[in-house]
Amino acid sequence: MLTRRSFIGRSLLAGAASLLGAGPSLAQTSYWGRRQETPSDFIFGYGSLINTPSREGTGRPGLHALPARLSPDFGQVRSWCARSNRLGWTALGLRPRRPGEAGWSINGVVFPVEPNLLPRFDRRESGYDRVAVPRELIEGVTWEALPQGGTIWVYVPKSVAGPGAEPLLPDLDHPVLQSYLDLCLEGALEIGTDFAREFIATTADWSGFWLNDREIPRRPWVMTKQAGTMDEMLAATPPAAAVFGERMYPEVYAARLMRAAAQGSGR
């Protein structure tokens with residue numbers, strides 16, 4: 001007896017058989033062993049480029065970065081030496097080691113840069129020269145291996161590029177900005193607290209010309225969620241700890257600036 005259930009079952013079987021027997025079977029393709037093209041250019045970022053949103057804002061979303069470390073044998077020290085006369089503050093840069101200065105390794109990130117993106121980073125770092133890093137002087141710090149091919153670039157301030165040039169360190173008119181430092185430390189904290197402490201410990205030329213320009217500096221956690229963590233590390237980690245207590249709120253810094261202007265000194 002043909003029931004509704006048996007009719008539906010026979011129809012489904014017949015349809016499946018017709019599909020299986022109709023035309024050649026679909027070709028199967030294996031993608032095993034295929035690799036994307038290896039980038040030819042990489043950048044080692046040691047300041048604000050550690051921060052993912054900052055880096056991707058210049059490059060593109062998904063610009064993957066690997067934690068890395070630059071050897072002391074590169075002969076440079078991360079320092080508050082990239083002065084912007086136009087904007088009136090001092091950013092991080094690299095400067096040559098001074099005579100007798102041991103120097104440190106410098107932690108940061110390495111990320112690939114497509115040819116069409118490299119000019120964007122050059123424009124962003126217009127006050128810096130792009131310098132090649134010998135491959136043997138940079139190491140990965142996690143289980144992810146660094147690229148073996150291509151060129152790794154790092155940006156060095158133009159102001160310290162010449163032989164014997166003295167770095168332009170922070171002064172009253174060109175202070176360290178806490179908002180910029182927060183950007184760098186937030187990037188380091190993406191990798192971990194130990195990485196952030198290493199960042200502080202391997203940065204030279206911390207200065208008492210330090211402006212706390214956070215959006216709400218007296219209640220920083222409202223706008224800067226990790227402000228407490230960063231301040232604790234800065235207060236406890238040399239060499240920043242030696243001058244952390246000299247950081248000033250904007251109104252106090254402004255008073256200091258006006259007092260120095262009236263006295264014609266202090267810069």
Side-chain angles (χ1 to χ4, degrees), residues 29-71 74 76 78 82 91-94 105-157 177-200 202-203 214-215 223-227 229-230 233:
T29 302
S30 174
Y31 290 89
W32 179 261
R34 296 192 185 185
R35 300 179 64 86
Q36 295 181 351
E37 183 178 354
T38 302
S40 59
D41 292 289
F42 301 83
I43 290 175
F44 174 71
Y46 56 87
S48 60
L49 288 174
I50 302 175
N51 184 289
T52 296
S54 178
R55 182 176 63 250
E56 292 184 346
T58 301
R60 57 168 177 77
L63 203 60
H64 183 55
L66 301 179
R69 189 179 289 122
L70 188 60
S71 168
F74 189 61
Q76 301 284 325
R78 176 168 46 204
L92 288 170
L94 300 181
S105 59
I106 301 167
N107 63 336
V109 295
V110 170
F111 57 95
V113 183
E114 294 93 333
N116 64 310
L117 296 181
L118 198 54
R120 295 188 193 178
F121 285 95
D122 287 345
R123 286 192 295 271
R124 167 179 172 148
E125 310 295 343
S126 60
Y128 298 70
D129 289 322
R130 180 158 45 88
V131 177
V133 178
R135 181 61 187 79
E136 66 273 13
L137 296 185
I138 195 161
E139 66 175 2
V141 299
T142 66
W143 59 270
E144 296 180 272
L146 291 179
Q148 295 302 310
T151 302
I152 300 178
W153 302 97
V154 68
Y155 287 99
V156 178
L177 298 184
Q178 186 64 49
S179 59
Y180 168 80
L181 177 55
D182 285 348
L183 186 72
C184 299
L185 284 176
E186 285 168 349
L189 284 168
E190 294 176 35
I191 301 166
T193 53
D194 288 343
F195 196 84
R197 289 191 188 95
E198 179 181 342
F199 175 92
I200 298 169
T202 58
T203 298
R214 285 170 172 157
E215 190 167 350
M223 302 301 296
T224 308
K225 301 304 180 186
Q226 300 184 90
T229 298
M230 292 187 287
M233 288 192 296

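Fair warning: this is a prediction, and the values are worked out from it, not measured in the lab.
In plain terms, the two heavy atoms of Ala132 and Thr151 that are nearest each other are CB-CG2, 4.0 Å. Of all heavy-atom pairs between Leu49 and Val109, the closest is O-CG2, 3.8 Å. Between Ala188 and Ala196, the shortest heavy-atom distance links the atoms CB-CA, 3.7 Å. Scanning all heavy atoms of the two residues, the minimum distance from Leu94 to Val156 falls at O-CG1, 3.8 Å. Closest heavy-atom contact between Pro112 and Pro39: CB-CG, 3.7 Å. Nearest heavy-atom pair across Asp182 and Arg214 is OD2-NE, 2.7 Å.
Residues Thr224 and Glu215 form no side-chain contact, since every pair of their non-hydrogen atoms from C-beta on lies 4.5 Å or further apart. A heavy-atom distance below 4.5 Å is not found between the side chains of Met223 and Ser179.
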Check the pair Leu118, Ile43 against side chain to side chain contact (heavy atoms under 4.5 Å, CB included), reporting the backbone distance first and the verdict last.
CA-CA 9 Å; Leu118 198 54; Ile43 290 175; 4.1 Å; yes

Please test Ile138 against Phe74 for side chain to side chain contact (heavy atoms under 4.5 Å, CB included), starting from the C-alpha separation and ending with a verdict.
CA-CA 9 Å; Ile138 195 161; Phe74 189 61; over 6 Å; no

Carefully, step by step, assess Leu63 and Glu114 under the rule side chain to side chain contact (heavy atoms under 4.5 Å, CB included).
CA-CA 10 Å; Leu63 203 60; Glu114 294 93 333; 4.3 Å; yes

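Atom CZ of residue Phe199 and atom CG of residue Leu189 lie 10.5 Å apart, to the nearest 0.5 angstrom. Put simply, CD on Glu186 and CD1 on Ile50 are 12.0 Å apart, with the number rounded to the nearest 0.5 Å. Distance check, rounded to the nearest 0.5 Å: CG of Leu185 to CD1 of Ile200 gives 5.0 Å. Distance check: Thr193 OG1 to Arg197 CZ gives 4.5 Å after rounding to the nearest 0.5 Å. In this structure, OG in Ser71 is found 12.0 Å from CD in Gln76, a value given to the nearest 0.5 Å. Here the straight-line distance linking atom SG of Cys184 with atom CE of Met230 works out to 10.5 Å at 0.5 Å rounding.
Counting only distance, with no hydrogens or angles, the side chain of Tyr155 and the backbone of Gly127 share no donor-acceptor pair below 3.5 Å. In this structure, the side chain of Arg78 does not engage the main chain of Thr203 through any donor-acceptor pair within 3.5 Å. Remark: the backbone N or O of Phe195 is paired with a side-chain donor or acceptor of Asn107 at under 3.5 angstrom. Put simply, the side chain of Tyr128 never gets that close to the backbone of Gly93: no donor and acceptor are under 3.5 Å apart. Side chain of Arg135 to main chain of Ile152: no donor-acceptor pair is present (N/O by atom type, distance under 3.5 Å, no hydrogens or angles).
Using modelled atom types and a 3.5 Å distance limit, the side chains of Ser54 and Arg124 yield a donor-acceptor pair. Between Ser126 and Arg123, the side chains place no donor N or O within less than 3.5 Å of an acceptor N or O (distance only, hydrogens not considered).
Every ring pair (Phe, Tyr, Trp, His ring centres under 6.0 Å) that Phe111 has, sequence neighbours left out, goes to Phe121. The side-chain hydrogen bond (donor to acceptor under 3.5 Å, both in side chains) search around Glu139 returns Arg69, not counting sequence neighbours.
In this structure, Glu136 places its CD atom where more than 12 heavy-atom neighbours from other residues, nucleotides or ligands lie under 6.0 Å away.
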